[in-house]
> 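A single structure is presented below for examination.
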Amino acid sequence: MEERFVATMIQCYFIAFGVMLGGSFIGSIGAFIAGDAPFTHINRIAKSLRIWAIVAAIGGTFDAIYNFERGLIEGSTMDMIKQIFLIITAMAGAHTALLIIEWLIQEEIQ
């Protein structure tokens with residue numbers, strides 16, 4: 001794989017990671033100010049942010065769908081494989097952040 005694609009994969013991982021951690025912890029500040037339990041809200045926010053972290057990391061869904069379409073119709077399988085790797089990398093970043101959140105709040109997120 002080319003060097004630029006590896007850099008994009010690393011960025012994808014950390015974007016998903018940052019969206020999960022940042023969104024969960026910053027979102028729980030609102031719960032704290034409102035007088036609710038922030039750890040419960042971190043749990044709830046982390047569950048709902050998983051898919052959005054992946055979408056944000058890969059740059060939106062339409063680009064991914066376009067690359068899959070181009071891979072199927074034009075026979076450009078390398079673009080399709082690259083897009084699959086980006087999605088897997090983003091999923092790994094979101095999952096790593098979820099594990100860290102579980103570790104910090106000492107509660108299992110389902």
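Atom set for the values below is all heavy atoms of this structure, side chains included, hydrogens, waters and symmetry mates excluded. Residue numbers start at 1 and run along the sequence shown.
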> Knowing that exactly one of Ile100, Ile42, Thr40 qualifies, which makes a side chain to side chain contact (heavy atoms under 4.5 Å, CB included) with Ile105?
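The option that passes is Ile42.
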> In this structure, would Leu99 and Ile101 fall into the same cluster of hydrophobic residues linked by side-chain contacts under 4.5 Å?
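Not linked; separate clusters.
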> Measuring only between side-chain heavy atoms, which start at C-beta, is Gln83 closer than 4.5 Å to Ile58?
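Answer yes - side chains close enough.
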> Determine whether Leu104 and Phe39 satisfy the following criterion, side-chain contact (heavy atoms from CB on, under 4.5 Å), listing intermediate values before the conclusion.
CA-CA 9 Å; Leu104 288 173; Phe39 285 161; over 6 Å; no
> Measure the spacing between NZ of Lys82 and OG1 of Thr89 and express it to the nearest 0.5 Å.
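Interatomic distance, Lys82 NZ to Thr89 OG1, rounded to 0.5 Å: 13.0 Å.
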> Counting heavy atoms not belonging to His95, are there more than 12 under 6.0 Å from its NE2?
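Count not over threshold, so no.
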> About how many Å separate CE of Met91 and CD1 of Ile51, when rounded to the nearest 0.5 Å?
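CE of Met91 is found 8.0 Å from CD1 of Ile51.
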> Table please: side-chain donor-acceptor pairs of residues 7-35 below 3.5 Å, with sequence neighbours left out.
from  : atom 1 : to    : atom 2 : distance (Å)
Thr8  : OG1    : Arg4  : O      : 3.0
Tyr13 : OH     : Thr96 : OG1    : 2.9
Ser24 : OG     : Met20 : O      : 2.8
Ser28 : OG     : Phe25 : O      : 2.8

